[in-house]
Structures are given as C-alpha cells and as structure tokens.
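Here's the structure we're looking at; comments come further down.
Read the numbers this way: they start at 1 and go in the same order the structure lists the ligands and their atoms. Computed from a predicted model, the values in this text were never measured in an experiment. Along the sequence shown, residues are numbered consecutively beginning with 1.
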Amino acid sequence: MKPNFSLIVANWKMELSLNEALTYFSDYHDPFINIANSSGRRIVICPSFPALYPLKNMFDQTKIALGAQDCSAFRSGAYTGQVCSTSLSQLGCDYCIIGHSEQRTHCCQTNAIIAEKAQRLLEQNIQPILCIGESKQDYENKKSLSVLEKQLVSVITSIAEFELTEVPIYIAYEPVWAIGTGVIPSHDYLINIFDWLNQQTMAILGKERIVGLLYGGSVSEQTTSHFKEIQAISGLLVGKASLDFQKFNNIVNLYKNS
Ligand code: PGA
C-alpha cells in the first residue's frame, strides 16, 4: 500500500561539516519549519552522524523528521567506527538510508549486509530507505532489471520474514548514472521501472504493507515535474539541490503542487 503523503528526503551526504549543517538549518529555520508544516507531505533531513543530535533538538516541536545516512548491520560489539540502530533510535531518527550507491561503492556493502541493516532498523521501528540503482554500464547493456532484482529481492525477502510488519518501508530508485550528473531517465523508462518495483514489492511484502517508492538522482527545480507525473512515485530523495534552501523549497512546492 502506498503511503498517503509524499516523502521528500534531503540527503546532505558529507557535504556539510557539523558547524555548516547547524548554520544552514539555523539560517532557514522558519522556512524549513513552514515547508514541513504543509499537509500531504513529510520532510526528512539526513545530515551526517555528528549533526543528528543537535539537529534533533532544533527539530523538536516541528514536523521535520530526522534520518541517518547509514547504520551498522550489527546490534553492538567490536565494530570500530560503526553506529548501531539503537543509538539512531535514541537520537530520534525515524528514517535511515541504507544501500546508497556511494556506500555500496566506497564501503563494500553487499546485499546481505544491507539486508541485515534493514533488520536492525526495523527492530528499532526506524523506517529503512533502501537505495537501489544500476550503473551506467548496466543501463547501457540493458541489465537494469536484473541488477535491481539482486539489490531489491534479497533485502525485501528478509524484511518480509521479519515480524514487525507495521513499519513502513521506502525503496529509493536511484540510477547511479543519474546521481549528481544532471541526467535523468526518460518518462517511459521510469514507468517501466516503477511498475516493476510495485509488482515486486507487493508480491514479496504483501498488499497491506506500507511501501513508498521514491526517486533519487539529479532531482532539481527543472526535473521535479517529470517525477511528479509518475503515479507510482511517492516522493523524492534529493542530494545536491537540498543544500540550497531556495532550490529545495521550490522542489518541495513543485512536487506538491504540480
Ligand atoms: P543528487 O544525489 O540529487 O545530487 O543527484 C542524490 C543522492 O545521491 O541521493
């Protein structure tokens, strides 16, 4: 089942230092709160780890939701440098991105590890935002669906076996060749991918489970209406353009109103 609101996720990546993230939010405090107040949408901000705690305090009493950019596949233990889902929950995270292509590439994350991360998040009632996407080469060789199938099916099958069925799940389709490039997939291509995603998620997770399908990769003021046209898309994952408040604000409003 589709969520009954759109989800707009700002992925700040590691673009802002702690101080820069706090200054950015403080500079646009009231407008950020305003865009999150509008009905029919939810705004999630995903800063890097050190900014989660101070930002959560700044989001207090607002409708802005906090998201992390990754979590450990393990509950606790000798895993230097990792952050567990229990800590993310204690920090007030309602969402967490997992399987982003930058993590898959730079941190050697396999689908099996990503499936474990999803489990850890669900144990803490944190909504996973599972990123999947094919490389340029796979796209050009027409292997997109087989790549997406590998990334999607193992993770959502393990989610389906997990008991906490009431926690909504988000799948963000982010073609790697569209991230940060200004290039986006055609309308017909997206229709095919999102139809396929809909079928797969319903077949594996069931029709009753709330599953939101997001698009990410070069979302901008110029490209937003393109994604809004596709019924199966429930929201957007915005990278670069979320770092400029005016652009982000325009994207959010265009997505809601177009
Ligand atoms: P982009 O990044 O909007 O800068 O293309 C999206 C993402 O990587 O999540």
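Atoms of ligand 1 found under 4.0 Å from any heavy atom of L237, numbered from 1 in the order shown, are 9 (O).
K240 and E15 are not joined by a salt bridge, as no carboxylate oxygen comes within less than 4.0 angstrom of a charged side-chain nitrogen. For the pair E134 and K143, the salt-bridge criterion is not met [side-chain N within less than 4.0 Å of a carboxylate O].
The structure places CH2 of W177 at 7.5 Å from OG of S144, a figure rounded to the nearest 0.5 Å.
For atom 3 (O) of ligand 1, the nearest non-hydrogen atom of the protein is G239 N, 2.9 Å. With hydrogens left out, the protein atom closest to atom 2 (O) of ligand 1 is K13 NZ, 3.3 Å, a heavy atom. Here the heavy atom of the protein found nearest to atom 9 (O) of ligand 1 is E174 OE2, 2.7 Å.
Heavy-atom separations between G216 and ligand 1 are all 4.0 Å or longer. Look at G180 and you'll find a heavy atom under 4.0 Å from some atom of ligand 1.
Relative to the ring axis of F5, R42 places its NZ or CZ within 45° and under 6.0 Å from the centre.
N250 is not listed as a side-chain neighbour of K247, based on a closest heavy-atom distance of 4.5 Å or more.
Distances from atom 4 (O) of ligand 1 to the heavy atoms of K240, H100, E102 put K240 nearest. Distances from atom 1 (P) of ligand 1 to the heavy atoms of S218, S220, S242, A172 put S218 nearest.
Counting heavy atoms closer than 4.0 Å to ligand 1, residue I179 contributes atoms from both its backbone and its side chain.
The closest donor-acceptor contact from the side chain of R41 to the backbone of I35 lies under 3.5 Å.
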